[in-house]
Trainee: 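Take a look at this one; I'll ask things after.
All values reported here derive from a predicted model rather than from experimental measurement. Just so we're on the same page: letters track the sequence lines, and every chain starts at 1. In what follows, every heavy atom counts, from backbone to side chain, and hydrogens, waters and symmetry copies are set aside.
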Amino acid sequence: MKRWSQFFIPTLKESPSDAEIASHKLLVRAGLVRKLSGGLYTFMPLGLRVMQKLSAICREELERTQPAHQRGGAIELWMPHLHPADLWEQGPRWAAAREIMFRTDHAGAGKGRSREPEFVLGPTHEEVITPLVKQEISSYRDLPKNFYQIATKFRNEIRPRYGLMRAREFVMMDAYSFDANDDGAIKSYLAMKAAYEAFFRRIGVQAIAVEADTGVMGGSFSHEFMVPAEVGDDDVIYSDSGYAANREKATSALVPKDLADAAPAGELEKFATPGVVTIAALAAAPYSVSGDAQFKTLVYVGDGKPFLVILRGNDELEEAKLGSLGFTLFRAATAEEIEPVLGAKPGSLGAVKGTIKNPAALAGIFADHAIRLVGNGVTGANEDGFHLRNVNVSRDLAITKFGDFRRVRTGEPCPVSGLPLQSKRGIEVGHIFKLGTKYADKFGAVYTDDQKQNHPMVMGCYGIGISRTLQAIIEQSHDNDGIVWPWAVAPFQIIVTLLDPLLPEAVQLAEQLAAAAEAAGADVLIDDREERPGIKFKDADLIGIPLRVTIGGKGLKDGIIELKARNSKDVLKVPVADAQAVLVARVRENAAKTLSAA
RNA sequence: CGGGGUGUAGCUUAGCCUGGUAGAGCGCCUGGUUUGGGACCAGGAGGUCGUAGGUUCGAAUCCUAUCGCCCCGACCA
């Protein structure tokens with residue numbers, strides 16, 4: 001039980017000028033956080049309470065056994081935040097991840113200690129847990145294992161945004177599973193997916209699991225947990241059949257499986273297109289070649305070597321999908337890099353056999369499946385100011401490999417059901433990856449099976465952005481007056497609004513009811529400030545306490561107190577004699593709802 | 001890193017174009033009247049106008065540089 005007058009909840013009437021979105025404004029107005037600097041926030045007492053509730057529920061759900069997936073609960077440990085840089089240099093993603101890591105210098109190390117190892121602040125912990133497990137586990141008898149922690153992560157985000165949404169320092173639950181084989185890794189993965197679903201249900205958040213790109217993390221498959229919200233950074237592509245994927249990963253059934261390759265429509269023919277360097281210009285008069293009848297040729301550089309990506313003229317590249325090609329690092333090529341290889345400037349590029357100036361320099365020519373819909377089309381001649389027509393996909397293009405590289409569009413058929421694809425914005429609050437043996441191979445995390453054979457452990461890794469989830473809850477659950485906390489994560493479940501804090505019988509009743517509610521399992525805040533009622537009601541709404549008990553001299557004269565739920569307009573007047581029983585019943589009812597959600 | 005915006009009291013801000021004593025509301029302190037949805041009256045404290053140069057008799061205001069913050073983009077485990 002806390003008394004407002006002796007606690008610390010600095011609320012603001014006005015929104016801070018640097019907050020744009022509702023949840024960010026409310027975070028600050030309700031006194032949950034204060035900004036230190038861009039992307040760095042102090043959790044104020046009220047905000048910390050929410051974090052602690054989220055963490056506690058997260059722990060419970062992770063540690064729960066998952067009989068359906070034959071997995072025990074995850075095991076909590078605590079790893080250093082400061083990592084020797086050479087650990088990362090040994091790992092598989094140093095090149096890709098170094099940009100986002102804060103690095104320490106030798107400040108304070110003093111003279112003569114220049115050999116002090118260099119450190120990075122941990123953005124995630126694969127590089128720490130894998131060597132640990134290599135050292136500690138060597139028998140199949142000790143597998144599977146799943147370790148987790150709830151701790152601070154550091155990422156040098158290029159652009160921190162929206163308060164806790166994208167911060168430089170944030171609280172994350174990260175877990176790492178180790179299995180003897182792929183089958184087991186999938187069980188661990190599914191067990192974690194189930195735990196995530198239970199966690200989000202229980203904290204009162206609508207979060208949907210969507211198929212996701214594995215990105216720098218690598219691995220074979222992954223799901224993101226998204227909270228639908230306009231302010232989210234990600235696009236979720238879904239259909240009414242239940243299919244859902246991050247746009248970076250989403251596919252469609254645009255290209256029929258049984259599509260026959262188009263027969264050549266005629267001889268290759270070069271024609272002059274002076275000054276035409278865009279799909280749109282070629283689509284316009286006098287050429288009038290529609291975008292769907294053009295091949296678009298993009299040049300990228302993967303691990304230092306250029307490669308080509310061919311798309312339908314009207315399609316856009318989904319850059320994340322290039323990750324499937326296996327390059328550690330890739331980027332768009334510059335005009336200076338392109339000309340010596342292809343023989344022309346961007347705008348006149350193509351992949352027709354024999355037109356590429358230096359084909360040996362290429363790491364490959366990768367084509368999106370959808371170009372087969374073009375069949376015969378127009379593409380650049382690798383000669384400035386010229387294009388080729390009657391280019392036939394199978395006859396004329398030297399394609400190394402077909403793949404899915406285009407960005408899907410809404411309205412295209414769902415790959416599962418054929419229903420039209422739709423899209424909405426989402427906040428990524430959790431991510432699960434089946435990693436495979438990428439890290440185990442690199443760090444030598446192997447175990448011996450019952451046949452005395454050594455094998456790499458098969459890993460999975462899992463994250464929930466606890467502090468981001470906190471803000472996502474607010475984004476999803478607020479109104480004009482403030483936050484509307486779900487019962488399970490509210491900093492206090494009950495606020496006793498004491499309108500006459502100097503009236504002894506009111507104080508006594510408040511304490512009695514607060515004690516009874518606490519005994520029933522609720523956290524109670526008594527607003528005992530000597531403020532006008534309006535201020536107390538406004539503050540109670542702003543900080544979003546789910547259930548308000550109002551005790552005032554006026555009501556007591558009539559022998560009543562009031563109960564009001566934050567998410568309802570109804571005010572229930574309760575005789576003082578029944579107040580305790582009614583309140584306790586409400587607490588039990590809410591607690592039961594929360595538990596049954598689990 | 002590119003584009004845009006912004007920096008004045010604890011918070012929200014006016015003043016800047018057109019240079020001439022730095023203003024308001026909220027909050028805070030004192031006293032009084034109030035007291036069921038952010039009260040009212042009276043009095044008070046609080047500002048090197050982000051920082052550093054420059055122009056000028058004189059700079060919050062004009063110029064230059066620099067730093068911070070916010071938004072868009074790029075990027076994002």
Side-chain angles (χ1 to χ4, degrees), chain A residues 10-21 24-25 28-29 31 34-40 88 91-94 96-101 122-127 153-163 165-168 170 172 174 176 212-219 222 224 231-234 246 248 319-320 323 329-332 428 430-433 435 438-439 461-465 468 480-482 497-503 506 527 529-542 548 550-558 560-562 564 569 571 573:
Chain A
T11 59
L12 299 175
K13 253 188 211 178
E14 286 176 288
S15 297
S17 57
D18 59 5
E20 288 274 312
I21 64 170
H24 185 192
K25 291 176 181 171
V28 179
R29 283 191 58 207
R34 288 292 183 260
K35 183 167 78 176
L36 174 64
S37 173
L40 298 174
W88 280 83
R93 55 175 167 168
W94 171 246
R98 57 186 304 177
E99 291 290 305
I100 55 102
M101 291 195 284
T124 170
H125 281 67
E126 284 77 6
E127 276 75 358
K153 295 282 176 286
F154 302 87
R155 295 183 189 179
N156 189 11
E157 293 291 351
I158 300 167
R159 184 155 84 87
R161 222 154 77 98
Y162 293 160
M165 285 289 231
R166 203 194 297 167
R168 292 194 161 110
F170 58 97
M172 176 171 162
D174 50 320
Y176 308 89
D213 184 69
T214 52
V216 173
M217 194 60 92
S222 113
E224 283 168 346
V231 300
D233 271 347
D234 294 273
N246 191 307
E248 293 180 346
E319 220 173 64
L329 281 180
F330 57 83
R331 59 171 173 82
E428 181 192 345
H431 207 154
I432 56 180
F433 298 85
L435 276 180
K438 177 176 170 180
Y439 292 85
C461 72
Y462 316 89
I464 292 177
R468 180 184 279 181
N480 286 335
D481 293 315
T497 300
L498 199 45
L499 297 183
D500 299 283
L502 300 178
L503 190 66
D527 189 353
R529 293 174 299 169
E530 292 182 37
E531 294 286 356
R532 297 167 58 84
I535 291 178
K536 296 188 174 193
F537 291 140
K538 287 285 186 189
D539 271 347
D541 288 347
L542 177 60
R548 189 179 81 204
T550 308
I551 301 176
K554 215 185 250 183
L556 288 183
K557 264 183 204 149
D558 301 333
I560 57 140
I561 57 129
E562 290 164 13
K564 184 186 172 297
K569 286 197 186 330
V571 176
K573 293 187 192 299

Trainee: A:Lys35 near the nucleic acid: base, sugar-phosphate alone, or nothing, with a heavy-atom cut-off under 4.0 Å?
Mentor: sugar-phosphate

Trainee: Using the C1' atom as the reference point in each nucleotide, state the distance between B:rC26 and B:rU64 in Å, no decimals.
Mentor: 37 Å

Trainee: What's the gap between B:rG50 and B:rU6 when it is taken at their P atoms, as a whole Å value?
Mentor: 13 Å

Trainee: In the strands shown, is B:rA59 matched to any nucleotide by a Watson-Crick or G-U wobble pair with both distances under 3.5 Å, and which?
Mentor: none

Trainee: Please give the nucleotide sitting opposite B:rG68 as a Watson-Crick or G-U wobble pair, both distances under 3.5 Å, or none.
Mentor: B:rU6

Trainee: Using the P atom as the point on both nucleotides, what is the distance between B:rA45 and B:rU35, in whole Å?
Mentor: 31 Å

Trainee: Has A:Ser37 got a side-chain N or O lying under 4.0 Å from the OP1 or OP2 atom of B:rG68?
Mentor: no

Trainee: Would you tabulate the pairs of protein nitrogen or oxygen atoms and nucleotide nitrogen or oxygen atoms of nucleotides 71-74 of chain B closer than 3.5 angstrom?
Mentor:
from, atom 1, to, atom 2, distance (Å)
B:rC72, OP1, A:Arg161, NH1, 2.9
B:rC72, OP1, A:Tyr162, OH, 3.1
B:rC72, OP2, A:Arg159, NH1, 3.0
B:rC72, OP2, A:Arg159, NH2, 2.7
B:rC72, OP2, A:Arg161, NH1, 2.8

Trainee: Which whole number of Å gives the distance between the C1' atom of B:rU51 and that of B:rC69?
Mentor: 15 Å

Trainee: If we take the C1' atom in both B:rC29 and B:rG15, what is their distance in whole Å?
Mentor: 28 Å

Trainee: Given the rule in the salt bridge (Lys or Arg N to Asp or Glu O under 4.0 Å) test, do A:Asp558 and A:Lys573 qualify, once you have shown the distances and angles that lead to the verdict?
Mentor: CA-CA 10 Å; A:Asp558 301 333; A:Lys573 293 187 192 299; over 6 Å; no

Trainee: Using atom C1' in both nucleotides, what's the gap between B:rU18 and B:rA24 to the nearest angstrom?
Mentor: 23 Å

Trainee: Taking the same atom, P, in B:rU21 and in B:rU61, what whole-Å distance lies between them?
Mentor: 13 Å

Trainee: Let's test this: given Watson-Crick or G-U wobble pairing with both distances under 3.5 Å, identify the partner of B:rA39.
Mentor: B:rU33

Trainee: Where do N or O atoms of nucleotides 35-42 of chain B meet protein N or O atoms at under 3.5 Å, pair by pair?
Mentor:
from, atom 1, to, atom 2, distance (Å)
B:rG36, O6, A:Gly555, N, 3.1
B:rG36, N1, A:Glu562, OE2, 3.2
B:rG36, N2, A:Glu562, OE1, 2.2
B:rG36, N2, A:Glu562, OE2, 2.7
B:rG37, O6, A:Arg548, NH1, 3.1
B:rG37, O6, A:Arg548, NH2, 3.1
B:rG37, N1, A:Asp541, OD2, 3.0
B:rG37, N2, A:Asp541, OD2, 2.4
B:rG38, O2', A:Lys13, NZ, 3.2
B:rG38, O6, A:Arg29, NH2, 3.2
B:rG38, N1, A:Asp539, OD1, 3.3
B:rG38, N2, A:Asp539, OD1, 3.4
B:rA39, OP2, A:Arg532, NE, 3.4

Trainee: Sticking with atom P, work out how far B:rG31 lies from B:rG19, rounded to a whole angstrom.
Mentor: 47 Å

Trainee: Partners of A:His24 by ring-ring contact (aromatic ring centres under 6.0 Å, His included), sequence neighbours excluded?
Mentor: none

Trainee: Taking a pair as Watson-Crick or G-U wobble with both distances under 3.5 Å, which nucleotide is matched to B:rC1?
Mentor: B:rG73

Trainee: May I have the step-by-step check of salt bridge (Lys or Arg N to Asp or Glu O under 4.0 Å) for A:Glu126 and A:Arg93, ending in yes or no?
Mentor: CA-CA 10 Å; A:Glu126 284 77 6; A:Arg93 55 175 167 168; 2.7 Å; yes

Trainee: Tell which nucleotide pairs with B:rC28, taking only Watson-Crick or G-U wobble pairs whose two distances are both under 3.5 angstrom.
Mentor: B:rG44

